[in-house]
Novice: 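To start, I am sharing the structure in question, which I have written as C-alpha cells.
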Amino acid sequence: MITIIGSGKVGGAAALFTALRKITDEILLLDVVQGLPQGEAMDINHMLAEKGIDVNVRGSNDYSEMKGSDIVVVVAGSGRKPGMTRMDLLKINASIVKGVVENIQKHAKDAMIIPVTNPLDPMVYLTYKVSGFQKNRIFGMGGMLDLSRFTQFIHESTGYSRNSIRGLVIGEHGENMLPLPRFSTVSGIPLPSILSKEKIEEIVQGTRQVAAKVIELKGATVHAPGNAISTIIEAVLNDTKQVIPVATYLEGEYGYSDVSIGVPAVIGRNGVEKIVELDLDSNEKEWFKKGVESVKNAISNL
Ligand SMILES: NC(=O)c1ccc[n+]([C@@H]2O[C@H](COP(=O)([O-])OP(=O)(O)OC[C@H]3O[C@@H](n4cnc5c(N)ncnc54)[C@H](O)[C@@H]3O)[C@@H](O)[C@H]2O)c1
Ligand SMILES: O=C(O)C[C@H](O)C(=O)O
C-alpha cells in the first residue's frame with residue numbers, strides 16, 4: 001500500500017502515474033481538505049475502470065488510515081508563485097511537514113518516506129530528524145525530476161531519441177542544482193563530444209530555470225513531478241536497483257555530513273541501498289558545495 005499525503009496537483013498526479021504502473025494494489029490519498037482526496041480518488045478510479053486496471057485508490061482525511069503503508073509520499077504544503085525561489089517556502093512548509101511526519105511516525109512506523117514538499121533538501125533533513133527512521137528509508141524526489149528536464153533539453157538539442165539518453169543531475173533541488181554533462185551520454189557517447197561548450201552551458205542553465213518558467217506559464221509543475229515520484233516508488237516495490245538521484249542524508253559521502261542533498265543512489269526494496277560517489281572536477285565540486293551551504297543555511301533556520 002502506498003500513501004500520498006497532500007492530494008493537490010502533484011499528489012493527484014503521483015497517484016495517477018503510480019496506479020498506471022500497476023505496481024501496488026492500493027493507493028491512499030490523504031489531505032486536510034474535506035472531500036478533496038475522496039473526489040480525486042473517485043476520478044482516478046473512474047479512469048482505471050475504463051482501462052481495466054485493478055488498483056484501488058481511496059481518499060481520506062484520517063491519518064490513522066495510513067497504517068500498513070510500504071511507502072508514504074509527503075507532498076503536502078504550498079508551492080512557490082512566480083518570482084519566488086523554493087527556499088522562500090521554508091518556514092511555511094516546515095511546520096506542515098513536521099506535523100505530517102509526526103503522524104507517519106505514529107501510524108506507519110515501518111514505512112519508507114519520499115519527501116517531495118519544497119524546499120526539498122531541508123525537508124528531507126527535517127523528515128529524517130523528526131521521524132528518527134534509518135536514513136536509507138528516507139529519500140526525497142527532486143533530482144529525478146531535474147533529470148527528466150535535462151533529458152528533454154538534450155533531446156531537443158541533439159534530435160536523438162529520449163530513450164538513448166542517460167543523464168545525471170545531483171546537488172540541491174534549487175538554485176544550485178548540478179546537471180552533470182560529463183556523466184551524461186547519448187547512446188554511450190559522452191555529451192561533451194556531441195554538443196558545444198556553449199550549448200551545454202545553455203541547457204545546464206535551462207535545466208536550473210525551467211521549473212520557474214512552467215510555474216510562470218501554468219501556475220505549477222504537475223505531470224513531470226507526479227511521474228518522477230512513481231518512478232522512485234516502482235524502483236522500491238520492484239526492487240529494480242535503478243540508480244536514481246535522490247535527496248538523502250549524507251554521512252561523509254562527497255565530503256559532507258549532517259546534511260541532506262541530491263546524490264545518485266541505488267534504489268531497491270531497502271530504499272537507498274548504496275550512494276554512488278562520482279569523481280567530480282573542481283567546477284562540479286564548487287556547485288555541489290554551494291548547494292550544501294544553501295541547504296545547511298536553511299537547516300540552521302528550521
Ligand atoms: N520536489 C519536487 O521536485 C517538487 C515538484 C513539484 C512540487 N513540489 C512541491 O510539492 C508541494 C505541493 O505542490 P502542489 O502543486 O501539489 O500543491 P497543491 O497546493 O496543489 O497541493 C498541496 C496539498 O497539500 C495539502 N495539505 C496542506 N497541509 C496538509 C497537511 N498538514 N496534511 C495533509 N495535506 C495537507 C493541501 O490541502 C493541498 O491539497 C509544494 O511544496 C511544491 O513546491 C516539489
Ligand atoms: O519548481 C518548483 O517550485 C516545483 C518543483 O520543485 C519543480 O522543480 O517542479
Side-chain angles (χ1 to χ4, degrees), residues 3-17 28-41 59-66 72-104 107 113-124 126-127 139-150 152 169 171-175 177 179 206-232 244-247 260-262:
T3 293
I4 300 174
I5 306 183
S7 309
K9 295 177 284 298
V10 179
L16 172 65
F17 285 112
L28 171 67
L29 278 161
L30 284 175
D31 204 286
V32 283
V33 175
Q34 301 286 322
L36 177 67
Q38 292 85 351
E40 188 67 30
S60 172
N61 305 107
D62 179 358
Y63 283 124
S64 70
E65 290 198 28
M66 70 172 117
V72 179
V73 176
V74 180
V75 66
S78 299
R80 62 174 162 153
K81 306 278 177 297
M84 292 170 76
T85 68
R86 298 172 181 90
M87 268 313 174
D88 292 334
L89 301 167
L90 182 70
K91 284 273 149 64
I92 180 169
N93 282 345
S95 61
I96 293 174
V97 169
K98 183 168 179 287
V100 165
V101 174
E102 283 165 356
N103 273 292
I104 299 173
H107 300 292
I113 309 178
I114 303 181
V116 178
T117 305
N118 274 317
L120 193 260
D121 306 282
M123 292 306 123
V124 173
L126 182 67
T127 301
F139 31 100
M141 191 291 289
M144 185 67 220
L145 173 59
D146 302 330
L147 173 55
S148 65
R149 292 168 177 151
F150 190 41
Q152 173 62 10
V169 181
E172 183 189 17
H173 177 63
E175 301 303 294
M177 182 186 298
T207 304
R208 290 195 180 111
Q209 290 157 7
V210 75
K213 184 75 191 162
V214 177
I215 289 167
E216 189 189 311
L217 292 169
K218 64 167 273 194
T221 61
V222 181
H223 311 299
N227 177 63
I229 293 165
S230 72
T231 301
I232 299 177
I244 297 178
V246 291
S260 300
I261 195 159

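One-based numbering, in listed order, for ligands and for the atoms of each. Here the structure is a predicted model, which is why all the values come from computation and not from measurement.
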Novice: Testing Leu30, Val116, Val124, Ile104 for side chain to side chain contact (heavy atoms under 4.5 Å, CB included) with Val74, which one passes?
Specialist: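 The residue from Leu30, Val116, Val124, Ile104 that satisfies side chain to side chain contact (heavy atoms under 4.5 Å, CB included) with Val74 turns out to be Ile104.
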
Novice: Kindly confirm or rule out an N or O of Val116 lying under 3.5 angstrom from an N or O of ligand 1.
Specialist: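 Checking ligand 1 against Val116, an N or O pair does fall under 3.5 Å apart.
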
Novice: Could you report the tightest heavy-atom contact between Gly11 and Leu29, atom names first, then the distance?
Specialist: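 So the minimum-distance heavy-atom pair works out to O-CD2, 3.8 Å.
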
Novice: I'd like to check the side-chain contact (heavy atoms from CB on, under 4.5 Å) partners of Ala220; sequence neighbours left out, ordered by chain and number.
Specialist: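 Partners of Ala220 by the side-chain contact (heavy atoms from CB on, under 4.5 Å) criterion, ordered by chain and then number, come out as Lys9, Val222.
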
Novice: Where do Asn227 and Ser148 land on the side chain to side chain contact (heavy atoms under 4.5 Å, CB included) test, with the steps shown first?
Specialist: CA-CA 10 Å; Asn227 177 63; Ser148 65; over 6 Å; no

Novice: Check salt bridge (charged side-chain N to carboxylate O under 4.0 Å, His left out) between Glu65 and all other residues, then give those that pass, not counting sequence neighbours.
Specialist: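 For Glu65 the salt bridge (charged side-chain N to carboxylate O under 4.0 Å, His left out) partners, ignoring immediate neighbours, are Arg58.
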
Novice: From atom 11 (C) of ligand 1, work out which of Val75, Asp31, Thr221 has a heavy atom at the shortest distance.
Specialist: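 Heavy atom nearest to atom 11 (C) of ligand 1 belongs to Val75.
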
Novice: Is Met141 close to ligand 1, meaning an N/O of one under 3.5 Å from an N/O of the other?
Specialist: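 Min N/O separation from ligand 1 is below 3.5 Å for Met141.
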
Novice: How far is atom 40 (C) of ligand 1 from its nearest protein heavy atom, and which residue and atom is that?
Specialist: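 In this structure, atom 40 (C) of ligand 1 has Ser78 O, 3.1 Å as its nearest protein heavy atom.
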
Novice: Got an N/O contact under 3.5 Å between Lys9 and ligand 1?
Specialist: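 Between Lys9 and ligand 1, an N or O pair is found under 3.5 Å apart.
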
Novice: Which atoms form the tightest heavy-atom contact between Leu120 and Met141, and what is the distance?
Specialist: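 Closest approach of Leu120 to Met141, heavy atoms only: CG-O, 3.4 Å.
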
Novice: What protein heavy atom sits nearest atom 28 (N) of ligand 1, and how far away is it?
Specialist: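 Answer, as residue, atom name and distance: Ile96 CG2, 3.6 Å.
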
Novice: Ser64 and Asp62: side-chain donor and acceptor closer than 3.5 Å?
Specialist: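 A donor-acceptor contact under 3.5 Å links the two side chains.
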
Novice: Using a plain distance cutoff, I'd like to know if His173 has any nitrogen or oxygen under 3.5 Å from a nitrogen or oxygen of ligand 1.
Specialist: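 Between His173 and ligand 1 (N or O atoms, distance only) the closest approach is under 3.5 Å.
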
Novice: Quick check against the 3.5 Å criterion: does Asn93 have a side-chain atom that pairs as donor or acceptor with the backbone of Asn118?
Specialist: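 Side chain of Asn93 to backbone of Asn118: a pair is present.
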
Novice: From the options Gly77, Gly6, Ala228, Ala76, select the one whose nearest heavy atom is closest to atom 22 (C) of ligand 1.
Specialist: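 Among Gly77, Gly6, Ala228, Ala76, the closest heavy atom to atom 22 (C) of ligand 1 belongs to Gly77.
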
Novice: Quick check: does Val10 get an N/O under 3.5 Å from an N/O on ligand 1?
Specialist: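 Yes: some nitrogen or oxygen of Val10 is under 3.5 Å from one in ligand 1.
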
Novice: What do we get for Leu36 next to ligand 1 when only non-hydrogen atoms under 4.0 Å count, side chain, backbone, both or neither?
Specialist: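 Contact part for Leu36 vs ligand 1: side chain (C-beta onward).
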
Novice: Note the single closest protein heavy atom to atom 21 (O) of ligand 1, along with its residue, its atom name and the distance in Å.
Specialist: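 Its nearest protein heavy-atom neighbour is Gly8 CA, 3.3 Å.
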
Novice: So which residues, sorted by chain and number, lie with a heavy atom under 4.0 Å of ligand 2?
Specialist: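 Lining ligand 2: Arg80, Arg86, Asn118, Leu145, Arg149, His173, Ala211, Ile215, Thr221.
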
Novice: I need the atoms of ligand 1 closer than 4.0 Å to a non-hydrogen atom of Tyr63, numbered in the order shown.
Specialist: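 Here the atoms of ligand 1 in question are 30 (C), 31 (N), 32 (N), 33 (C).
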
Novice: For Lys213, give me all partners under salt bridge (charged side-chain N to carboxylate O under 4.0 Å, His left out), at least two apart in sequence or on another chain.
Specialist: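 If we apply the salt bridge (charged side-chain N to carboxylate O under 4.0 Å, His left out) test to Lys213, skipping adjacent residues, the hits are Glu216.
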
Novice: With a 6.0 Å cut-off (strictly less than), is the heavy-atom count around CG of Leu217, excluding the residue itself, greater than 12?
Specialist: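 Counting neighbours around CG of Leu217, more than 12 heavy atoms of other residues, nucleotides or ligands fall under 6.0 Å, so yes.
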
Novice: Using modelled atom types only, decide if a donor and an acceptor are shared between the side chain of Asp31 and the backbone of Pro37 within a distance under 3.5 Å.
Specialist: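 Between the backbone of Pro37 and the side chain of Asp31 there is no qualifying donor-acceptor contact (under 3.5 Å).
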
Novice: May I ask you to decide if Thr85's main-chain N or O and Arg80's side chain share a donor-acceptor pair within less than 3.5 Å?
Specialist: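 Flag not set: sc Arg80 to bb Thr85 has no pair under 3.5 Å.
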
Novice: At less than 4.0 angstrom from any non-hydrogen atom of Ile5, what atoms of ligand 1 do you find?
Specialist: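 In order of numbering, the contacting atoms are 33 (C).
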
Novice: Under 4.0 Å from any heavy atom of Leu145, which atoms of ligand 1 are there?
Specialist: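 Every atom of ligand 1 under 4.0 Å from some heavy atom of Leu145: 3 (O), 5 (C).
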
Novice: Would you check if the side chain of Thr221 reaches a backbone N or O of Ala211 as a donor-acceptor pair within less than 3.5 Å?
Specialist: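 Side chain of Thr221 to backbone of Ala211: no pair is present.
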
Novice: Regarding Asp146 and His173, do their side chains bring together a donor and an acceptor under 3.5 Å, going by distance alone?
Specialist: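 Side chains of Asp146 and His173: pair found under 3.5 Å.
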
Novice: Can you sort out which atoms of ligand 1 are near Val33, meaning under 4.0 Å from one of its heavy atoms?
Specialist: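 Those qualifying, in numeric order: 37 (O).
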
Novice: Below 4.0 angstrom from a heavy atom of Asn93, which ligand 1 atoms are there? Numbered from 1 as shown, please.
Specialist: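 Per the distance check, 41 (O).
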
Novice: Under 4.0 Å from any heavy atom of Asn118, which atoms of ligand 1 are there?
Specialist: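 Listed by number with element, the hits are 4 (C), 8 (N), 9 (C), 41 (O), 42 (C), 43 (O), 44 (C).
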
Novice: Of the protein's non-hydrogen atoms, which lies at the shortest distance from atom 5 (C) of ligand 1, and what is that distance?
Specialist: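 Answer, as residue, atom name and distance: Pro225 CB, 3.6 Å.
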
Novice: Short question: side chain of Thr117, backbone of Ala76 - any donor-acceptor pair under 3.5 Å?
Specialist: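 Here the side-chain-to-backbone pair exists.
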
Novice: Would you mind running through ligand 1 and noting each atom that sits below 4.0 Å from a heavy atom of Gly79?
Specialist: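 Heavy-atom distances to Gly79 below 4.0 Å select 40 (C), 42 (C), 43 (O).
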
